[in-house]
*Asks:* 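Starting off with a structure, shown below.
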Protein chains: 2
Amino acid sequence: MQKLREGGFLVSKIKQVSGRIFDKKLREHQITDLNTGQGRIIFSLWQKDQVPISELVIQTALSKTTLTSMLDRLEQTEYITRKMDEKDKRKIIVSLTQKSKSLKEQYEAVSHEMISVFYEGLSEEEIDRFEKTLNHILLSLSKYEEDYK
Amino acid sequence: MQKLREGGFLVSKIKQVSGRIFDKKLREHQITDLNTGQGRIIFSLWQKDQVPISELVIQTALSKTTLTSMLDRLEQTEYITRKMDEKDKRKIIVSLTQKSKSLKEQYEAVSHEMISVFYEGLSEEEIDRFEKTLNHILLSLSKYEEDYK
DNA sequence: GTATTTTAGTACTATATAGTACTATTGTCA
DNA sequence: TGACAATAGTACTATATAGTACTAAAATAC
């Protein structure tokens, strides 16, 4: 008899609640024209700027169709720009604007606040182990999706 | 210097990828008119049926406005019914239909497949610890949201 | 070197998600 | 018991998310 597992269910719930809290915190910090979903894209670009959309598909785990419309909005609000890759004209290079670069410090303050709530009452060791497991699971899932598409 | 943490970012990505895989698996198992999001609500009702919407807010971690429209659709497709609570007329009691009850076995088969992918390569002990941490985090976040609303 | 396949991205459509503002019912307290 | 506050849910609106079907460019095969 297999034990009842509900990791996916728990992950969904955590994502839901933490997203709502994060959005509220962004607004409290006067960041009104950016939300959690868009933040994930900007966050990824802070790690590595000037990438094609296909790279963002990997880094954010969003589908490319989702990214197309989110990038539309981020372009409208001047957080990113798109330009064609001259070497490979199928590709679109996404870059951060000055506006989004100057937001980084403030955004990181919100992230730190959020992490405090998220990991409330857990030791550094527990957090390390937890994030190691998260990375492992994400890798398994991504491989699976890649293989079965 | 605080260590860089990205639990929330990882959770979002896992939710995204696992949701896409789960949706695909549902379709492979001929469950075409139900998706992951709706499944979360039905799953919750299998644990405890005939509950007001406010209870589903807690069990699914969705907002009540989200639930209103999702229940509309689930009612249309005859997975649930709504009736007024005679004792407290502000409340609406949500119940499973025969259709959703008879789906349970098949849905659980998909869940088990999904869990195999999700926890690929992890020991029972690691999974136990991981789910314990998830429950802890969900509790912290829910309390926080409750207190600051 | 053309034909085919693969890759990169978008348009369109449908559903998921949540916020704000609202109605109706119940609870509270002077 | 009547005014006010709290609770339960919905209507409306905006954005997030992804699937299907498409176009264009590059890579590959013969």
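Note that the structure is predicted; figures quoted are calculated from it, not measured. Letters A, B, ... are given to chains in the order of the sequence lines, protein chains preceding strands, and every chain is numbered from 1.
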*Asks:* Touch check for A/N35, heavy atoms < 4.0 angstrom, all strands: base, sugar-phosphate only, or nothing?
*Replies:* sugar-phosphate
*Asks:* With a 4.0 Å cut-off, would you call B/K13 and B/E6 a salt bridge?
*Replies:* no
*Asks:* Kindly say whether the aromatic ring centers of B/F22 and B/Y107 come within a distance under 6.0 Å.
*Replies:* yes
*Asks:* In whole Å, I'd like the distance from the CG atom of B/D72 to the C1' atom of C/dA14.
*Replies:* 15 Å
*Asks:* Would you please confirm or rule out a distance under 4.0 Å between OP1 or OP2 of D/dT17 and any side-chain N or O of B/R20?
*Replies:* no
*Asks:* Looking only at the side chain of A/L62 (C-beta and beyond, no hydrogens), which of the listed nucleotides C/dA18, C/dT26, D/dT17 gets closest?
*Replies:* D/dT17
*Asks:* Looking at A/S63, I'd like to know whether one of its side-chain N or O atoms comes within less than 4.0 Å of OP1 or OP2 on D/dA18.
*Replies:* yes
*Asks:* Quick check on side chain to side chain contact (heavy atoms under 4.5 Å, CB included): which of A/E120, A/E125, A/E126 does A/L122 satisfy it with?
*Replies:* A/E126
*Asks:* By nearest atom, which of the nucleotides D/dG9, C/dA8, D/dA18 is closest to the A/K64 side chain?
*Replies:* C/dA8
*Asks:* Quick check for you: among D/dA16, C/dT17, D/dT10, whose closest atom lies nearest to any side-chain atom of B/R40?
*Replies:* C/dT17
*Asks:* Nearest of D/dA26, D/dT17, C/dT17 to any side-chain atom of A/D88?
*Replies:* D/dA26
*Asks:* Side chain of B/K89 only, heavy atoms from C-beta on: which candidate in D/dT10, C/dA16, C/dT26 is closest?
*Replies:* C/dT26
*Asks:* D/dG9 phosphate, OP1 or OP2: any side-chain N/O from B/K83 under 4.0 angstrom?
*Replies:* no
*Asks:* Under 4.0 Å between a side-chain N/O of B/R90 and OP1 or OP2 of D/dT10, yes or no?
*Replies:* no
*Asks:* Closest-nucleotide mapping onto DNA chain D: is A/A61 or B/K91 further toward the 5' terminus? I mean the 5' end.
*Replies:* B/K91
*Asks:* Which part of the nucleic acid, if any, lies within reach of B/S54 when heavy atoms closer than 4.0 Å are counted: base, sugar-phosphate only, or nothing?
*Replies:* sugar-phosphate
*Asks:* Heavy atoms under 4.0 Å, any strand shown: does B/L67 hit a base, just sugar-phosphate, or nothing?
*Replies:* nothing
*Asks:* Checking side-chain polar atoms at under 3.5 Å, does B/S63 have a donor or acceptor matched by the opposite partner on B/T66?
*Replies:* yes
*Asks:* May I ask you to verify whether the side chain of B/T68 and the base of D/dG9 hold a donor-acceptor pair under 3.5 Å?
*Replies:* no
